[in-house]
Novice: 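I'd like to ask you about the structure that follows.
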2 protein chains.
Amino acid sequence: MGKKTTIYDIAKKLDITAATVSRALNNSPKISKKTRDLVLEMANKMNYEQNKLALALKSGKSNNVGVIVPRIDSNFFASVIRGIEENLFAHGYHVIICQTHNNENIEIEIINTLLNAQVDGILMSISNVDIYKKESFNRIFKKQIPLIFFDRKANIEGVSSVTINDFEAGYKATKHLIKQGCKKIVHLSGNTLLDIFNNRFLGYKQALEDEGIEFNEDYVIRIKSTVEDGRKAVKKLLKLKKSPDGIFSSSDYAALGAIQEIKNQGIKIPEDICVVGFANEPFTKFMELSISTVDQSPVEMGKIAANVFLEQVNNTDNAKIEKKVVLTPELLIRKSSLKKPVSN
Amino acid sequence: MGKKTTIYDIAKKLDITAATVSRALNNSPKISKKTRDLVLEMANKMNYEQNKLALALKSGKSNNVGVIVPRIDSNFFASVIRGIEENLFAHGYHVIICQTHNNENIEIEIINTLLNAQVDGILMSISNVDIYKKESFNRIFKKQIPLIFFDRKANIEGVSSVTINDFEAGYKATKHLIKQGCKKIVHLSGNTLLDIFNNRFLGYKQALEDEGIEFNEDYVIRIKSTVEDGRKAVKKLLKLKKSPDGIFSSSDYAALGAIQEIKNQGIKIPEDICVVGFANEPFTKFMELSISTVDQSPVEMGKIAANVFLEQVNNTDNAKIEKKVVLTPELLIRKSSLKKPVSN
DNA sequence: TAGTTTTGTGCAATCGATTACATTATGTAA
DNA sequence: TTACATAATGTAATCGATTGCACAAAACTA
């Protein structure tokens with residue numbers, strides 16, 4: 001009843017072979033116009049649709065791409081995925097989404113099941129720094145399918161990546177705070193084993209040095225990217241003798257927590273303390289006290305990552321391509337850090 | 001080199017047939033312990049991994065599920081997808097994401113390519129009200145795979161859905177505004193051809209009636225769910241003779257635009273105008289003037305939709321199951337609409 | 001010991017499409 | 001008419017795993 005029509009069904013009806021039907025449908029040159037027309041007409045009449053699974057098995061290409069992220073319900077990752085999907089769908093690929101929740105075991109399991117599902121490539125943002133030392137990770141290389149990192153990358157030779165210049169972002173943000181007159185600048189960081197956090201930190205440090213401000217280890221706080229942690233961190237900081245007058249947070253959520261706590265204590269933003277976040281989450285723009293932040297152009301990042309995949313998957317020569325795309329971050333200066341007009 | 005080991009490779013090494021290897025790997029009862037151990041050891045040594053594509057072709061089950069949404073980078077849809085993915089991954093399914101961008105042609109194309117890719121089911125939020133009248137939509141039924149609507153559903157007999165009670169949500173929100181003393185309540189609506197918007201509207205209307213407030217057609221504005229449209233709508237409304245003292249918006253974004261415009265004109269919230277939005281987007285909570293809104297428990301919605309799929313896909317009898325799950329919306333009362341303490 | 005059951009393997013078809021190679025049919029030139 | 005090029009179609013293998021059926025060997029049974 002709900003049985004699908006195959007090329008064999010068409011062949012039987014027309015008293016020809018499946019091979020001929022296949023050739024007709026694929027517009028092969030070695031077919032008479034008459035037969036082709038007959039086949040196309042019959043295929044149409046019988047509602048024939050190609051079974052991509054059979055094709056996938058035969059060709060070894062599933063036309064599916066795996067995308068691995070820590071979680072999908074953050075605006076940044078959702079936007080990257082949006083870019084990836086839009087680009088790849090137009091090229092006949094489907095995007096399979098998987099979330100690691102920053103859990104190493106799940107991350108490994110996901111890689112394995114994606115490989116078994118014969119995906120044609122994997123685009124991922126790592127959650128675990130040592131994942132690439134695992135056996136399952138090597139299976140990706142053995143299978144010779146493209147692997148592309150976006151945002152959170154591991155440094156592996158021969159693997160392409162699309163990231164933003166986190167050092168520059170950290171540098172710009174910090175320099176902006178200094179220009180606003182801040183002298184005691186705190187950095188709310190994350191897991192510095194991850195490049196993104198480490199580079200933002202390094203940019204921060206460099207900006208201090210370039211401006212002749214002494215680096216103070218106590219001003220660097222490693223926390224999770226949550227409102228709660230941002231709040232707690234600031235609570236402690238405000239008790240310090242040399243309480244800060246500027247905060248550069250590697251996360252918008254932590255920045256928000258910081259702002260809430262600061263206001264709670266009756267301290268004024270930006271007059272007393274300037275705050276800059278990171279990621280341009282939608283809420284940063286919408287708040288009455290809009291939050292300065294760094295935009296990572298996530299949709300574009302996704303589109304580019306997809307492009308890199310397409311380049312590599314279509315590359316027939318055996319040469320390994322390593323493409324490292326580094327996007328330029330944009331510092332968005334908003335109310336939370338703007339004491340004086342921006343100088344150019 | 002990067003060649004994959006198949007059961008044939010294992011068979012050859014052990015001088016047995018692929019059938020035996022298959023039985024050993026699948027723990028079939030008709031196999032000697034000795035052979036099974038040998039096979040397992042060899043499979044392990046050769047890094048054998050099952051090719052799911054071959055299995056999929058043979059069994060007719062791809063273990064992939066298609067999820068169709070208007071766009072993924074809104075917190076609501078991203079959260080629903082999160083719920084779906086978490087639930088289905090645990091059951092061995094992969095989630096293929098597709099975005100329609102509210103474009104009817106793309107929506108149809110997506111359905112077609114998902115069916116050709118042999119997905120085992122489709123979970124979708126429709127963007128186009130008449131989509132189900134199209135031929136491609138019927139192919140889903142012909143194929144007898146589960147179709148589950150979430151949030152934006154079409155009313156088709158025999159099709160399951162997971163939604164929230166939008167009527168109740170609209171009713172509660174409006175009644176709350178009335179309790180706050182609002183008498184001239186505007187409703188920012190959407191495309192009322194879609195059930196979700198129509199039901200919110202009906203709930204709004206019913207609440208007015210129950211409280212003896214006359215319904216005024218001029219107070220119902222149909223706009224897109226954007227900040228810009230919310231802003232524009234309010235601009236016009238404030239020029240009316242009977243300018244509103246309450247706004248129930250079917251969208252958080254439109255509510256935000258409304259609030260911005262109201263404040264812009266120096267009118268006070270909630271004192272002069274109360275505002276309630278819809279969807280509990282993260283920013284509504286974070287703003288200094290937090291926005292009252294309706295929570296739709298999206299992650300739970302996704303998990304339930306996945307459950308309904310699992311029930312149906314495992315259902316062997318031919319009986320058509322139609323399951324309609326309706327979640328209870330939660331009205332979150334925040335600063336934008338709270339003049340007096342909430343009564344119980 | 002002959003007959004019967006049990007157990008473990010092999011054989012071959014199947015899922016649906018593609019494609020190198022073989023074969024037949026048609027057309028053209030001498 | 002013969003010879004050969006060309007065009008169109010058929011045959012069968014292939015992708016990798018599963019599984020009904022056949023069959024042989026081992027294990028019981030009487």
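Below, read A as the first sequence line, B as the second, and so on, with proteins coming before strands; counting in each chain starts at 1.
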Novice: Check the orientation of A:Tyr93 and A:Phe309. Use parallel for under 30°, tilted for 30 to 60°, and perpendicular for over 60°.
Specialist: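 Ring orientation of A:Tyr93 relative to A:Phe309: perpendicular.
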
Novice: Taking atom types as they are modelled, is there a donor-acceptor pair under 3.5 Å from the base of C:dG8 to the side chain of B:Arg36?
Specialist: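 Not at all, since no donor on one side and acceptor on the other fall under 3.5 Å apart.
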
Novice: Remember a base hit wins even if backbone is also touched, and classify B:Ser22 as base, sugar-phosphate or nothing at under 4.0 Å, heavy atoms.
Specialist: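 If one applies the 4.0 Å heavy-atom cut-off, B:Ser22 turns out to touch a base.
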
Novice: How close or far is atom P of D:dA12 from atom NZ of A:Lys58, stated in whole angstroms?
Specialist: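 Rounded to whole Å, this separation is 17 Å.
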
Novice: Rounded to whole Å, how long is the line connecting atom NZ of A:Lys12 with atom P of C:dG16?
Specialist: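 Nearest whole value for this atom pair: 12 Å.
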
Novice: Could you give the CE-to-C1' distance, from A:Met46 to C:dG16, as a whole number of Å?
Specialist: 14 Å

Novice: Using a heavy-atom cut-off of 4.0 Å across all strands, would you classify B:Ile16 as base, sugar-phosphate, or nothing?
Specialist: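 Contact class for B:Ile16: sugar-phosphate only.
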
Novice: Go nucleotide by nucleotide along DNA chain C from the 5' end; which of B:Thr35 and B:Leu57 gets its closest nucleotide reached first?
Specialist: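 Mapping each residue to its closest nucleotide by heavy atoms, the 5'-most match is B:Thr35.
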
Novice: Grab the CG-C1' distance between B:Asn26 and D:dA17 for me, whole Å please.
Specialist: 9 Å

Novice: Within a reach of under 6.0 Å around NZ of B:Lys61, are more than 12 heavy atoms found that belong to other residues, nucleotides or ligands?
Specialist: yes

Novice: Using a 4.0 Å heavy-atom cut-off, does A:Ile7 contact any base of the nucleic acid, only the sugar-phosphate backbone, or nothing at all?
Specialist: base

Novice: Rounded to the nearest Å, what distance is computed from the CG atom of residue A:Asn51 to the P atom of nucleotide C:dT18?
Specialist: 10 Å

Novice: From CG of A:Leu38 over to C1' of D:dT9, roughly how many Å is that when rounded to an integer?
Specialist: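 Checked: the CG to C1' distance equals 14 Å.
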
Novice: Any salt bridge between B:Lys12 and B:Asp9, counting N to O under 4.0 Å?
Specialist: no

Novice: May I ask you to say what A:Thr17 touches in the nucleic acid, namely base, sugar-phosphate or nothing, with a heavy-atom cut-off under 4.0 Å?
Specialist: base

Novice: Is B:Lys142 salt-bridged to B:Glu135, going by a charged N under 4.0 Å from an acidic O?
Specialist: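 Salt bridge between B:Lys142 and B:Glu135, a charged N being under 4.0 Å from a carboxylate O: yes.
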
Novice: Answer with base, sugar-phosphate or nothing: what part of the nucleic acid does B:Ser28 contact at a heavy-atom distance below 4.0 Å?
Specialist: nothing

Novice: What is the nucleic acid contact for A:Leu53, judged by heavy atoms within less than 4.0 Å: base, sugar-phosphate only, or nothing?
Specialist: nothing

Novice: Distance check needed: C:dG8 P versus B:Lys34 NZ, whole Å only.
Specialist: 11 Å

Novice: Can you spot which of B:Leu114, B:Ile122, B:Leu123, B:Ile84 makes a side-chain contact (heavy atoms from CB on, under 4.5 Å) with B:Val65?
Specialist: B:Leu123

Novice: Counting side-chain heavy atoms from C-beta on, which of D:dC21, D:dG10, D:dG16 comes nearest to B:Lys30?
Specialist: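 Output: D:dC21.
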
Novice: Could you work out which one of D:dT9, C:dT9, D:dG16 sits closest to the side chain of B:Arg23?
Specialist: C:dT9

Novice: Contact class for B:Gln118 vs. all strands (heavy atom < 4.0 Å): base, sugar-phosphate, or nothing?
Specialist: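 Contact class for B:Gln118: none.
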
Novice: Which residue, B:Ser32 or A:Tyr48, contacts DNA chain C at a nucleotide closer to its 5' end, judged by nearest heavy atom?
Specialist: B:Ser32

Novice: Looking only at side-chain atoms of A:Ala19, point me to the closest of D:dT18, C:dT19, D:dC15.
Specialist: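 Selected nucleotide (nearest to the side chain): C:dT19.
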
Novice: To the nearest angstrom, how far is A:Asp15 atom CG from D:dG10 atom P?
Specialist: 8 Å

Novice: Does the side chain of B:Glu86 come under 3.5 Å of the side chain of A:His101 through a donor N or O and an acceptor N or O?
Specialist: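 Short answer, yes.
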
